[in-house]
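In this text the structure is predicted, and so the values were computed from the model without any measurement. Along the sequence shown, the residues carry numbers beginning at 1.
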Amino acid sequence: MPKAPIVYKSTHRIKFSELDPYNHVSTGNYATFFADHRMEGLRDYAGWDLKTLGTLPFMVWVRRIEIDFLRPARGDQEITITSFVREFRGSDALIECTMTDSAGKDVSRCLMIVAHVDKETNRATDWPPDLMALFFEKTPEPVAVRRGGVTLELLGSVRAS
């Protein structure tokens with residue numbers, strides 16, 4: 001059974017300085033919103049704040065970001081961004097991001113590809129299994145219980161009554 005991804009969630013109110021002359025969020029700010037969202041998520045969900053990131057033996061590098069612009073985001077509007085790691089392919093983590101408005105309608109979507117880079121060699125390397133596990137819900141360990149000559153395998157902990 002595949003593990004469920006951990007979904008990062010953040011909100012942002014569109015500021016005047018993020019707008020173009022048409023009162024829409026300017027194109028370049030979408031990439032900033034998505035990247036900042038992921039970094040906030042790494043801090044809040046994985047404990048990787050900026051100070052910690054500097055001490056890790058690896059770097060995370062946005063290799064590519066593809067953005068679909070579905071409807072305009074406007075000044076003073078509150079948006080919600082959610083994202084999760086869809087899959088790992090060698091050194092790449094494929095991250096799906098969605099930006100929605102207060103009515104829950106999609107404003108923008110993005111696919112972000114983030115590489116795991118070894119700091120010592122400055123080369124992309126496969127994501128280690130222990131790091132990949134940080135992005136998925138933990139599944140309970142099976143527990144074997146013997147009852148009347150039959151061994152049952154249960155998920156989760158077993159308590160005595």
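Considering CZ of R109 and OG1 of T100, their distance stands at 11.0 Å, rounded to 0.5 Å. To the nearest 0.5 Å, atom OG of residue S10 and atom CE of residue M99 are 9.0 Å apart. A distance of 8.0 Å separates OH of Y30 from NE2 of H24, quoted to the nearest 0.5 Å. We find the NZ-CZ distance between K3 and F135 to be 13.5 Å, quoted to the nearest 0.5 Å. Between S108 atom OG and D68 atom CG the span is 7.0 Å, to the nearest 0.5 Å.
At a threshold of 4.5 Å between non-hydrogen side-chain atoms, the residues T52 and L50 do not count as touching. Between S83 and H37 the shortest side-chain heavy-atom distance falls below 4.5 Å. Using a 4.5 Å heavy-atom cutoff, the side chains of V114 and R63 are not in contact. Inter-residue side-chain proximity for V62 and R38 is flagged as unmet; no heavy-atom pair is nearer than 4.5 Å.
Checked options I95, N29, I81; the residue passing with F34 is I81 (criterion: side-chain contact (heavy atoms from CB on, under 4.5 Å)).
Between E96 and R86 there is a salt bridge, since a side-chain N of the basic residue sits under 4.0 Å from a carboxylate O of the acidic one. A salt bridge links R89 with E87: the distance from a Lys NZ or Arg NE/NH1/NH2 to an Asp or Glu carboxylate oxygen falls below 4.0 Å.
For F58 and W48, the ring centers are positioned less than 6.0 Å apart. Between Y8 and F84, the ring centre distance reaches or exceeds 6.0 Å.
In terms of heavy-atom proximity, L70 sits nearest to D106 at CD1-CB, 3.7 Å. When all heavy atoms of I67 and A31 are compared, the pair lying nearest together is CD1-N, 3.7 Å. Between T82 and V7 the shortest heavy-atom distance is CB-CG1, 3.9 Å. Nearest heavy atoms, F88 versus A93: CE2-CB, 3.6 Å. Contact between L134 and I6 at its shortest, heavy atoms only, is O-CD1, 3.5 Å. Of all heavy-atom pairs between I14 and F33, the closest is CD1-CE1, 3.7 Å.
With hydrogens and angles disregarded, no donor-acceptor distance shorter than 3.5 Å links the side chain of S26 to the backbone of G28.
Around NZ of K119, the count of heavy atoms belonging to other residues, nucleotides or ligands within 6.0 Å exceeds 12. More than 12 heavy atoms of other residues, nucleotides or ligands shown are found within 6.0 angstrom of CD on E137. Applying the 6.0 Å contact sphere to CZ of R71 captures more than 12 heavy atoms from other residues, nucleotides or ligands.
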For E18 and H12, what are the C-alpha separation, side-chain angles and deciding distance, and is it a side chain to side chain contact (heavy atoms under 4.5 Å, CB included)? CA-CA 11 Å; E18 298 165 336; H12 178 78; 3.0 Å; yes
* Tell me, with the steps shown, if M112 and I65 meet side chain to side chain contact (heavy atoms under 4.5 Å, CB included). => CA-CA 4 Å; M112 185 183 301; I65 189 166; 3.9 Å; yes
Working note: L94 + L111, criterion side chain to side chain contact (heavy atoms under 4.5 Å, CB included); need CA distance, chi angles, decisive distance, verdict. CA-CA 7 Å; L94 282 69; L111 174 64; 4.3 Å; yes
Please test R64 against E66 for salt bridge (charged side-chain N to carboxylate O under 4.0 Å, His left out), starting from the C-alpha separation and ending with a verdict. CA-CA 7 Å; R64 186 171 69 219; E66 299 172 9; 3.0 Å; yes
Note to self: Q77 vs D101, test: side chain to side chain contact (heavy atoms under 4.5 Å, CB included). Steps then yes/no.
What the structure shows: CA-CA 8 Å; Q77 181 179 16; D101 62 19; 3.3 Å; yes
Report the C-alpha separation of E78 and R13 in whole Å, then their side-chain angles, then the decisive distance to 0.1 Å, and conclude whether the salt bridge (charged side-chain N to carboxylate O under 4.0 Å, His left out) test is met. CA-CA 4 Å; E78 187 171 88; R13 183 164 302 278; 3.7 Å; yes
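Hydrophobic clustering (side-chain heavy atoms under 4.5 Å, transitive across Ile, Leu, Val, Met, Phe, Trp, Tyr) keeps I113 apart from W127. Placement of L56 and V60 within a single hydrophobic cluster is found when ILVMFWY residues are connected by side-chain heavy-atom separations under 4.5 Å, directly or transitively.
Judged purely by distance below 3.5 Å, without hydrogens or angles, the side chains of S91 and H116 never pair a donor atom with an acceptor atom.
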